[in-house]
Protein chains: 2
Amino acid sequence: MYLYEHFESSKIMLNNFINQLRITELELQDELQEKSSITIHKKDDIIIKNNQYIKVLKIVLKGKVRVYQENGEREILIYYLNPIEACTLSLSACFEDCKSTVNAVVEEDCTILNIPVRFVRDWNFKYKSWNSFTTNTYRESYNHLINQYSNLAFQPLKDRLFDYLVSKANDTVVKKTHQELAKELGTTREVISRLLKKLESNGKLNLRQKEIQILK
Amino acid sequence: MYLYEHFESSKIMLNNFINQLRITELELQDELQEKSSITIHKKDDIIIKNNQYIKVLKIVLKGKVRVYQENGEREILIYYLNPIEACTLSLSACFEDCKSTVNAVVEEDCTILNIPVRFVRDWNFKYKSWNSFTTNTYRESYNHLINQYSNLAFQPLKDRLFDYLVSKANDTVVKKTHQELAKELGTTREVISRLLKKLESNGKLNLRQKEIQILK
DNA sequence: AATTATTTGTGACTTTTGGCACAACAATAA
DNA sequence: TTATTGTTGTGCCAAAAGTCACAAATAATT
């Protein structure tokens with residue numbers, strides 16, 4: 001974790017965040033500058049640990065973070081955080097002290113804005129743009145989670161896997177190992193390997209080492 | 001649906017709601033009186049239908065409502081609404097027009113406070129107590145749903161069933177048919193019947209018609 | 001009391017998912 | 001190039017969950 005390693009570019013990213021969220025209140029802009037800190041993390045850094053107290057709201061400015069729950073050997077993806085997105089669970093913690101029930105790990109090198117929870121709480125009623133931001137974060141996360149939930153309940157793993165690949169594909173290619181996919185979908189590696197083979201022989205995919213190509 | 005059938009008792013319930021949520025702003029109290037309506041529903045009434053536009057935030061003042069998603073023959077419980085609780089999904093709709101992805105059915109005769117979505121949105125930044133209410137609703141619902149999600153991912157059905165019975169038990173007794181339990185847990189009747197039999201022979205339950213007694 | 005409808009039980013079978021063991025293959029480093 | 005490590009493939013079996021068919025038990029209705 002390198003605090004203000006790239007001071008100038010961090011500043012640009014914060015300004016970008018302020019613009020994208022339409023934070024027009026000058027006072028809030030100042031408070032953000034003053035009271036938040038920006039940290040830089042490398043791939044695979046763990047930035048939130050299960051059972052740890054949450055003291056700051058984390059907002060991704062650059063990069064990507066994977067938030068997941070673990071249960072013994074198994075894991076399941078809760079959500080990804082992309083730029084300009086706040087970690088909904090750390091937002092929750094702003095309104096009631098609590099420990100994290102998830103882990104968050106850096107998926108792509110990233111820059112993160114950290115805002116101590118007490119400010120987040122205060123700003124929520126003080127600044128309209130901030131209020132919109134937290135409300136939208138909750139709304140979008142809640143809707144997303146409901147979808148995940150009912151897919152998990154109703155869809156067979158094979159379908160969930162295929163849909164997941166399509167959603168993750170960067171121009172038809174997904175660069176992930178079977179083990180990684182297993183952890184995101186809450187199952188085991190062998191199961192994924194077999195389902196992928198089946199999808200391949202159904203002509204839906206091409207399998208290569210560490211890489212899956214989706215066919216149209 | 002009987003509008004203001006019991007005008008006086010409705011008024012008392014609204015006041016009770018106002019007190020419990022510590023809505024101290026007189027202006028908001030007036031707005032609530034003026035702009036909301038109170039409706040009364042009987043068991044099994046459907047109050048929200050899948051794919052319908054959501055025009056009001058629904059808050060339960062008395063009774064109980066079951067909110068669930070359906071997928072063909074199957075269903076899965078999303079949450080129950082108890083007194084003083086708002087339907088989180090209709091809260092979501094207050095901040096972005098959308099259709100419902102769930103159904104809501106009255107589980108116990110109930111009285112419901114209906115607030116048109118535009119007011120909910122406005123009040124969110126206008127009144128602090130209202131802001132707290134919506135924030136708490138989101139926070140609690142989100143945490144609850146995350147738990148449901150990871151239970152669904154990690155726990156075998158047998159455990160989810162038993163935990164569900166314990167949580168629903170009214171002094172160790174749950175009055176539900178196997179079919180109803182199946183619909184709440186997202187599975188089929190036969191599966192539930194068999195699991196219940198197994199739990200009974202393990203000495204965890206006593207089964208009677210339409211009734212399950214949990215043993216300590 | 002007889003009929004009807006609802007609820008529960010269960011056998012027999014299939015599909016889906018999971019676990020273990022080990023082989024084959026690919027990538028990387030010494 | 002060889003050794004090491006990580007990744008994928010797969011046989012074999014077990015457990016969990018789902019489906020179909022039908023019987024038995026219980027409750028509700030006439």
Side-chain angles (χ1 to χ4, degrees), chain A residues 43-44 70-77 149-165 168 173-214, chain B residues 43-44 70-77 149-165 168 173-214:
Chain A
K43 183 166 159 59
D44 296 329
E70 56 183 351
N71 185 284
E73 289 297 285
R74 300 268 192 98
E75 293 181 3
I76 193 160
L77 178 67
Y149 184 63
S150 76
N151 284 340
L152 186 55
F154 297 132
Q155 302 257 27
L157 185 52
K158 194 179 178 184
D159 297 355
R160 287 200 298 129
L161 172 58
F162 187 72
D163 292 350
Y164 184 74
L165 291 171
K168 275 272 143 255
V173 171
V174 178
K175 295 197 180 194
K176 287 198 181 284
T177 66
H178 301 183
Q179 180 63 70
E180 286 168 337
L181 290 169
K183 294 216 157 185
E184 317 216 339
L185 292 168
T187 182
T188 59
R189 199 271 310 166
E190 299 91 314
V191 172
I192 294 291
S193 289
R194 265 186 274 260
L195 291 177
L196 284 174
K197 268 289 153 201
K198 224 176 269 179
L199 287 166
E200 188 181 43
S201 65
N202 291 350
K204 303 213 169 197
L205 307 173
N206 272 341
L207 298 179
R208 286 190 287 275
Q209 186 93 342
K210 287 189 175 197
E211 196 180 300
I212 297 159
Q213 164 138 37
I214 295 160
Chain B
K43 183 168 159 56
D44 296 328
E70 56 182 351
N71 185 283
E73 289 297 286
R74 299 267 193 99
E75 293 181 2
I76 193 160
L77 178 66
Y149 184 62
S150 77
N151 284 341
L152 185 55
F154 297 132
Q155 301 258 22
L157 186 51
K158 196 181 179 183
D159 296 356
R160 286 200 298 130
L161 172 58
F162 188 71
D163 292 350
Y164 183 75
L165 290 171
K168 274 272 142 256
V173 171
V174 178
K175 296 198 179 193
K176 287 197 182 285
T177 66
H178 300 182
Q179 180 62 70
E180 287 168 339
L181 291 169
K183 294 214 158 187
E184 319 217 337
L185 293 168
T187 181
T188 59
R189 200 269 311 166
E190 298 92 313
V191 172
I192 293 293
S193 288
R194 265 187 271 262
L195 290 176
L196 284 173
K197 267 290 152 200
K198 225 176 266 179
L199 287 166
E200 188 181 42
S201 65
N202 291 350
K204 302 213 169 198
L205 308 173
N206 273 341
L207 298 179
R208 285 191 287 277
Q209 186 93 341
K210 287 189 175 197
E211 197 180 299
I212 296 160
Q213 164 138 37
I214 295 161

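So you know, we letter chains A, B, ... as the sequences are listed, proteins then strands, and number each from 1. Note that the structure is a prediction, hence the values are computed from the model and not measured.
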Using whole Å, report how far [atom1] of [X] lies from [atom2] of [N].
{"X": "E180(A)", "N": "dG6(D)", "atom1": "CD", "atom2": "C1'", "value": "12 Å"}
{"X": "K183(A)", "N": "dT7(D)", "atom1": "NZ", "atom2": "P", "value": "12 Å"}
{"X": "I192(B)", "N": "dT19(D)", "atom1": "CD1", "atom2": "C1'", "value": "15 Å"}
{"X": "N71(B)", "N": "dG18(D)", "atom1": "CG", "atom2": "P", "value": "13 Å"}
{"X": "E73(B)", "N": "dA17(D)", "atom1": "CD", "atom2": "C1'", "value": "17 Å"}
{"X": "K176(A)", "N": "dT8(D)", "atom1": "NZ", "atom2": "P", "value": "12 Å"}
{"X": "L207(A)", "N": "dC25(C)", "atom1": "CG", "atom2": "C1'", "value": "14 Å"}
{"X": "L181(A)", "N": "dT8(D)", "atom1": "CG", "atom2": "C1'", "value": "12 Å"}

Which heavy atom of [X] sits nearest a heavy atom of [Y], and at what distance?
{"X": "A182(A)", "Y": "R189(A)", "answer": "CB-N, 3.6 Å"}
{"X": "A153(A)", "Y": "I76(B)", "answer": "CB-CD1, 3.5 Å"}
{"X": "Q155(A)", "Y": "R160(A)", "answer": "CB-CG, 3.6 Å"}
{"X": "F154(A)", "Y": "R74(B)", "answer": "CE2-CB, 3.6 Å"}
{"X": "E200(B)", "Y": "L205(B)", "answer": "CG-O, 3.4 Å"}
{"X": "E180(A)", "Y": "K175(A)", "answer": "OE1-O, 4.4 Å"}

Within a reach of under 6.0 Å around NZ of K204(A), are more than 12 heavy atoms found that belong to other residues, nucleotides or ligands?
->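 Result for NZ/K204(A): open.
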Heavy atoms under 4.0 Å is the rule here; annotate nucleotides 23-30 of chain D 5' to 3' with B where the base is hit, S where only the sugar-phosphate is, and - elsewhere.
-> ---SS---
If the sugar-phosphate is the primed atoms plus P, OP1 and OP2 and the base is the rest, what is the B/S/- string for nucleotides 10-24 of chain C, using protein heavy atoms under 4.0 Å?
-> BBB----SBBB----
Single hit among D163(B), V191(B), L199(B) for side-chain contact (heavy atoms from CB on, under 4.5 Å) with K158(B) |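 Of the listed options, the one satisfying the test is L199(B).
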Under-4.0 Å side-chain N/O to phosphate OP1/OP2 contact, H178(A) with dG9(D) |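 So the side-chain polar atoms of H178(A) do come within 4.0 Å of the phosphate oxygens OP1 or OP2 of dG9(D), strictly under.
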For E211(A), side chain to side chain donor-acceptor pair (under 3.5 Å) partners two or more places apart =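 E211(A) satisfies side chain to side chain donor-acceptor pair (under 3.5 Å) with R208(A) only.
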